[in-house]
Amino acid sequence: MPSFGGPGLILVFLVAAAATWIAGVYLSRATDALDDRLQLGDALGGVVLLAVAGSLPELAITVSAALQGSLDIAAGNLIGGIATQTLVLVLCDRAVRGDRPLTFLVGSLTPVVEALLVVAVSGVMLLGTMLPASDAIGPFSPASLGILVVWVAGIAILGRLRQGEPWTVTMPGSASGRRRRRDRHPKVTKPYAGRSTIAIAGIFGAASLVTLVAGVALERSGNGLADLAGINGVVFGATFLAVRLGDHQLAVADIFGGNAFQLCLFVLADLIAGRPVLPEAGPSNAWLGALGIVMTVVVAGGVIVRAQRRRAGLGIDSIVNIGVYTLGIVGLLSLAR
């Protein structure tokens, strides 16, 4: 794609971004409908289903890079998007109606547990970058298997929490919206109420395909723009998952769910490459992984602290994360010298 030149890459990037955003809307609606029809349960319908569909571009690029032996690209593709996807919550914060920030409105501690899951799998991932490639279980890095185990355990815990939170917390002024995707939205009709389950599954599949193709084009064109600018391509990894329907808790869950699941794809990358991928990540990708952890902790802290004021339309946690992300990119550029 760099051969397209700057204007061509920008056009591809914009078209792919628009297609990915529109497909994301259809994916979210289809997920709600399938969860309601099939009673998938929140652990699957709310976290896994959207996370899997949203990670299709990363899956395609990771498989391609692993087959070509470009293990650093495979690692960077999975690690680099976590911080950027967390930054999407800043856009969600700005889009929230009213005078309260997103983290104030969430109204539940469950997103804090989801953030802990992101931190846990990211921590295991960082440990894996320090292991030598010779430390392997067959083709797998112990860290890759550890990520999968931690993620499965985390999803099981979240599933139990959604059945009944073992705490009583009062958060005056919150507006969490739906806590489960199968719940009826008070202002929006049930999606695809007149369609058959097979038709809804077809919509989900078609939207997933658009997400896959447009997502790959988005990331490839983004990497091409980065190459032209002299910036490492791991900086670019944007996926738009949040849909604003007033479901503030679910919007945060979509971001954290995608970030946690994405790192599970290291198991597949190891299998295809025939050897551990994480040891090839390098300091730049490890830096971005740590940056994602810091930004996730900031959001979780915002949910707990519940600052009420917005400045320039943003909560204090969003402002902090903009600063953290900016400093992180400055540090990344310093590492690339």
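This one's a predicted model, so the numbers in the text were calculated from it and none came from an experiment. Computation of the quantities below employed the complete heavy-atom set of this structure, encompassing side-chain atoms and omitting hydrogens, waters and symmetry-equivalent molecules.
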Let me see the working for Ile272 and Leu67 under side-chain contact (heavy atoms from CB on, under 4.5 Å), right down to the final yes or no. CA-CA 6 Å; Ile272 293 173; Leu67 287 173; 3.4 Å; yes

Within-4.5 Å side-chain heavy-atom neighbours: [X] and [Y]:
{"X": "Arg275", "Y": "Leu71", "answer": "yes"}
{"X": "Val299", "Y": "Ile255", "answer": "no"}
{"X": "Leu145", "Y": "Ile137", "answer": "yes"}
{"X": "Phe104", "Y": "Pro101", "answer": "yes"}
{"X": "Asn285", "Y": "Thr129", "answer": "no"}
{"X": "Glu114", "Y": "Thr110", "answer": "yes"}
{"X": "Ile293", "Y": "Leu126", "answer": "yes"}
{"X": "Val298", "Y": "Tyr325", "answer": "no"}

How far does [atom1] of [X] sit from [atom2] of [Y], to the nearest 0.5 angstrom?
{"X": "Ile157", "Y": "Leu116", "atom1": "CD1", "atom2": "CG", "value": "9.5 Å"}
{"X": "Ser144", "Y": "Leu131", "atom1": "OG", "atom2": "CG", "value": "9.5 Å"}
{"X": "Met295", "Y": "Ser318", "atom1": "CE", "atom2": "OG", "value": "9.5 Å"}
{"X": "Leu148", "Y": "Phe261", "atom1": "CG", "atom2": "CZ", "value": "9.0 Å"}
{"X": "Leu291", "Y": "Leu332", "atom1": "CG", "atom2": "CG", "value": "8.5 Å"}
{"X": "Trp287", "Y": "Leu333", "atom1": "CH2", "atom2": "CG", "value": "10.5 Å"}

Find out if a path of hydrophobic residues (ILVMFWY) with successive side-chain heavy-atom gaps under 4.5 Å connects [X] to [Y].
{"X": "Ile322", "Y": "Val320", "result": "yes"}
{"X": "Leu314", "Y": "Val324", "result": "yes"}
{"X": "Val267", "Y": "Val149", "result": "no"}
{"X": "Ile304", "Y": "Leu158", "result": "yes"}
{"X": "Val294", "Y": "Ile329", "result": "yes"}

Identify the two heavy atoms, one from [X] and one from [Y], that lie closest to each other, and give their separation to 0.1 Å.
{"X": "Gly146", "Y": "Val124", "value": "C-CG1, 4.0 Å"}
{"X": "Gly80", "Y": "Leu288", "value": "CA-CD1, 4.0 Å"}
{"X": "Cys92", "Y": "Leu102", "value": "CB-CD2, 4.1 Å"}
{"X": "Gln85", "Y": "Gln262", "value": "OE1-OE1, 3.3 Å"}
{"X": "Ala143", "Y": "Leu278", "value": "CB-CD1, 3.8 Å"}
{"X": "Ala66", "Y": "Ala74", "value": "N-CB, 4.4 Å"}

Keeping to residues at least two apart or across chains, list the side-chain hydrogen bond (donor to acceptor under 3.5 Å, both in side chains) pairs with something in residues 293-303. none

Distance-only polar pair, side chains of Thr103 and Asp317, donor-acceptor under 3.5 Å: yes

Side chains of Thr86 and Asn259: donor-acceptor distance under 3.5 Å anywhere? yes

Hey, is the main chain of [Y] close enough, under 3.5 Å, to the side chain of [X] for a donor-acceptor pair?
{"X": "Ser122", "Y": "Val118", "answer": "yes"}
{"X": "Arg309", "Y": "Arg100", "answer": "no"}
{"X": "Trp151", "Y": "Val121", "answer": "no"}

Quick one: side chain to side chain donor-acceptor pair (under 3.5 Å) partners of Asn321, sequence neighbours excluded? none

Check the pair Asp93, Arg310 against side-chain contact (heavy atoms from CB on, under 4.5 Å), reporting the backbone distance first and the verdict last. CA-CA 9 Å; Asp93 191 12; Arg310 300 176 82 183; 4.1 Å; yes

Crowding at CZ, Arg311 (>12 non-hydrogen neighbours, <6.0 Å):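 More than 12 within 6.0 Å, yes.
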
